[in-house]
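See structure below.
Residue numbers start at 1 and run along the sequence shown. One-based numbering, in listed order, for ligands and for the atoms of each.
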Amino acid sequence: MRQSLNQSVVDCYSFKSHISFKTNPQFCLTFFSALKDLLNQTMTSFTITTVPTKPFEGQKPGTSGLRKPVKTFIQKDYSENFIQAILDAAQDKTKLVIGGDGRYHNKTVVQTIVQMCAANNVKHVIVGQNGILSTPAVSAVIRKRQTNGGIILTASHNPGGPNGDFGIKFNTSNGGPAPESVTNHIYELSKDLTQYKIVNELTVDVLTLGVQTYNISGNVFTVEIIDSVEDYLGLMREIFDFNTIKSYLSSGSLKILIDAMNGVMGPYVKRILIEELGAPTDSAVRCESLEDFGGHHPDPNLTYAADLVKQLESGVYGFGAAFDGDGDRNMILGKNAFFVTPSDSLAVLADNLDCIPYFKIGGVKGFARSMPTAGAVDLVAKKINKEIFETPTGWKFFGNLMDAQKCSLCGEESFGTGSDHIREKDGLWAVLAWLSVLANTKISVEELLINHWNKYGRNFFTRYDYENCEANPCNEMMTQLETLLSQTDFVGNTFKSGEKEYKVLIADDFSYKDPIDGSLTTKQGIRIIFSDGSRIIFRLSGTGSQGATIRLYVDCYESDSSKFRTDAQQVLRPLIDIALQISKLKEFTGRDAPTVIT
Ligand code: G16
């Protein structure tokens with residue numbers, strides 16, 4: 001009886017049976033009223049507590065959610081305040097998804113969110129088993145189960161553990177990170193909070209799959225625990241031709257090595273790549289999800305995924321990939337650790353979308369990239385006559401374009417690639433997309449890139465990160481750059497480094513007017529664009545948890561095929577020197593060298 005009641009409640013919220021809210025609202029209202037009576041007769045009622053609180057400073061979401069050291073989040077009422085601000089900002093919150101990347105503090109906050117949802121009139125929460133869902137999986141679940149949004153617990157690529165970082169992020173009903181209008185609203189609410197509501201006595205069993213029904217002060221509240229991988233796997237099956245990938249992997253033509261970096265991706269890699277697609281069990285490493293990511297920095301780049309790079313250098317593997325803590329980023333390597341820049345990865349996929357059934361059948365609408373991402377994909381868009389959009393850094397800016405059917409594929413230099421199947425970037429999707437291209441073309445990663453450059457020319461790209469600098473000097477450096485660029489004679493100036501000379505064509509602070517809702521986002525990175533198309537860009541990261549991180553992005557275009565195989569650092573050296581000279585970065589930060597180069 002209890003079980004069938006639970007299932008009926010889920011059906012009502014899920015719009016999936018003949019007794020759904022959508023098809024038969026009157027029946028559902030009567031049903032819930034009867035259920036309420038039954039609950040009041042048979043189940044203990046939990047009471048809602050209103051807790052007085054004081055606002056915390058700085059609960060302003062950054063590029064993607066609120067990210068702070070664990071030590072900040074474990075302060076009394078800190079998480080509760082931010083969750084209350086999210087719940088207050090959410091216009092409709094009948095049904096929400098909850099899940100995180102499993103980092104330290106995940107388990108505690110999952111329970112807190114459930115307790116607060118129960119107290120704040122949320123009717124139904126869907127929780128990944130043991131509180132685990134990758135960021136792309138949350139987006140997939142929100143969309144598949146038509147929820148009003150979700151709360152994701154992650155600090156993405158930032159280190160975890162008691163001395164690492166934690167984060168809370170709100171995604172809206174399209175499955176994507178909340179747009180700035182919503183995050184600004186959350187921040188404003190957080191500044192004036194005087195109380196939050198919680199059901200302290202409620203502790204849900206997050207390990208057992210299925211539905212739990214609770215009586216919260218006489219109202220029905222249901223918690224549905226779902227398998228962390230199932231919905232996402234179902235979506236991947238719809239997008240890709242699993243048989244083609246499977247037979248290519250089993251043909252022995254391609255040996256792969258996947259590094260899950262001890263983040264959330266372990267179970268996804270094992271289930272999808274190994275169990276479903278038949279990759280040998282030793283083709284995935286670091287698949288055990290750990291609260292501190294094994295003490296590593298779960299960031300898939302050449303510095304923090306150095307182990308994978310080393311393995312690929314051996315020449316044994318033809319394809320390698322790594323993910324970040326929450327599974328939305330990816331790094332792609334070919335044999336001998338041939339590095340595919342994220343800008344090139346996006347362009348190569350754009351040029352080969354007919355290898356993927358989702359695009360072959362559904363067609364390709366357009367493309368988008370973040371401003372600092374090199375323009376390799378622009379050249380593909382031009383050739384195949386598709387629209388291309390240049391957005392600020394942050395996946396949230398792609399959501400509107402996708403919802404308006406203007407963009408099918410997008411990517412960022414920060415190791416993000418994805419499509420309109422969800423509204424987050426998607427690490428494993430990118431790997432499956434690459435495997436689809438390799439299985440169809442049957443050539444190596446390096447050959448694919450060389451062919452691509454021969455067809456379009458090569459966009460050389462590098463990014464220098466100066467992590468954890470003192471904030472004030474970095475802000476001063478950016479202000480100084482803005483002042484310099486605003487001088488009337490800056491455009492037209494020439495800068496020399498060695499033999500190379502560059503003339504400034506455009507100098508500005510990037511701003512973006514959303515073509516769909518008209519919203520304007522300013523100060524998104526200082527750009528110096530030279531007359532040959534080369535670019536130098538400076539930004540302060542919006543994902544760090546303390547101090548400041550300066551990102552310097554440099555790119556140039558080369559059409560001479562004899563230069564395609566030159567090392568990117570060598571090609572870009574003159575531009576990097578000019579960037580350091582113009583910005584006086586060393587004088588401001590005291591840093592001689594970046595912490596990470598990609
Ligand atoms: C987030 C955003 C990305 C952005 C990246 C870097 O990724 O979702 O869109 O490119 O941060 O941002 P920043 O340069 O401001 O540090 P993730 O993987 O951290 O969620």
Side-chain angles (χ1 to χ4, degrees), residues 60-68 100-101 103 134-136 138-139 152-160 164-171 175-180 183 261 263-265 293 297-301 304-305 322-331 342-343 346 368-374 390-399 401-402 410-418 422-430 463-469 474 478 510 512 521 523-526 537-553 594-596 598:
K60 184 173 172 56
T63 309
S64 196
L66 183 69
R67 292 182 191 170
K68 300 278 177 197
D101 62 16
R103 67 178 59 225
S134 74
T135 294
V138 172
S139 189
I152 310 181
L153 307 177
T154 177
S156 186
H157 55 288
N158 296 11
D165 286 346
F166 190 73
I168 303 181
K169 166 170 136 172
F170 179 57
N171 279 29
E180 296 213 317
T183 53
M261 307 270 278
V264 76
M265 289 310 285
F293 309 116
H297 207 124
D299 199 357
N301 58 41
Y304 296 125
F323 307 110
D324 67 341
D326 63 328
D328 54 1
R329 297 184 176 205
N330 75 92
M331 176 174 74
S343 311
L346 174 64
R369 64 166 170 82
S370 65
M371 179 275 284
T373 306
E390 186 180 39
T391 64
T393 294
W395 206 262
K396 58 195 170 200
F397 293 102
F398 296 135
L401 297 172
M402 291 180 171
C410 49
E412 295 188 278
E413 49 61 43
S414 55
F415 296 87
T417 328
I422 54 171
R423 296 293 180 271
E424 288 279 4
K425 55 189 183 279
D426 190 344
L428 189 47
W429 174 92
R463 185 176 100 182
Y464 279 27
D465 294 338
Y466 299 81
E467 297 175 317
N468 297 327
C469 297
C474 295
M478 296 299 280
F510 182 66
Y512 176 70
T521 311
K523 291 185 173 290
Q524 293 300 304
I526 289 177
I537 296 152
F538 293 93
R539 265 187 78 245
L540 294 183
S541 159
T543 54
S545 65
Q546 48 206 332
T549 293
I550 297 175
R551 302 208 194 284
L552 162 62
Y553 313 80
T595 28
V596 177
T598 40

List the steps, then state whether side chain to side chain donor-acceptor pair (under 3.5 Å) holds for Thr417 with Asn330. CA-CA 7 Å; Thr417 328; Asn330 75 92; 3.0 Å; yes
So, Ser156 and Asp324: side-chain donor and acceptor under 3.5 Å apart, yes or no?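 A donor-acceptor contact under 3.5 Å links the two side chains.
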Where does the angle between the aromatic ring planes of Trp395 and Phe398 fall among parallel (under 30°), tilted (30 to 60°) and perpendicular (over 60°)? perpendicular
Check each heavy atom of [X] against ligand 1 and say whether those closer than 4.0 Å belong to the side chain, the backbone, both or neither.
X	result
Thr135	neither
Thr543	both
Lys425	side chain
Asp328	side chain

The one among Arg329, Glu412, His157 that brings a heavy atom closest to atom 5 (C) of ligand 1: Arg329
Determine the sole option in Arg329, Lys425, Arg463, Arg551 for which the salt bridge (Lys or Arg N to Asp or Glu O under 4.0 Å) test with Glu413 is passed. Arg463
Backbone or side-chain N or O of [X] under 3.5 Å from ligand 1 N or O:
X	answer
Thr393	no
Ser541	yes
Gly542	yes
Arg463	no

Hey, does [X] sit under 4.0 Å from ligand 1 if you only count heavy atoms?
X	value
Arg67	yes
Lys169	no
Arg539	yes
Gly416	no

Once rounded to the nearest 0.5 Å, what's the spacing between atom OG of Ser370 and atom CD1 of Ile537?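 That separation rounds to 8.5 Å.
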How long is the span from the CZ atom in Arg539 to the CE atom in Met371, to the nearest 0.5 Å? 7.5 Å
Donor-acceptor pair, side chain of Thr595 and main chain of Asp465, under 3.5 angstrom: yes
Of the protein's non-hydrogen atoms, which lies at the shortest distance from atom 17 (P) of ligand 1, and what is that distance?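 For this ligand atom, the closest protein heavy atom is Ser156 OG, 3.1 Å.
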Quick one: nearest non-hydrogen protein atom to atom 10 (O) of ligand 1, plus distance? Ser414 OG, 2.7 Å
If the threshold is 4.0 Å, N to carboxylate O, is there a salt bridge linking Arg369 and Glu390?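 Answer for the salt bridge query: yes.
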Evaluate Thr154 against Lys169 for side chain to side chain donor-acceptor pair (under 3.5 Å), listing each step before the verdict. CA-CA 7 Å; Thr154 177; Lys169 166 170 136 172; over 6 Å; no
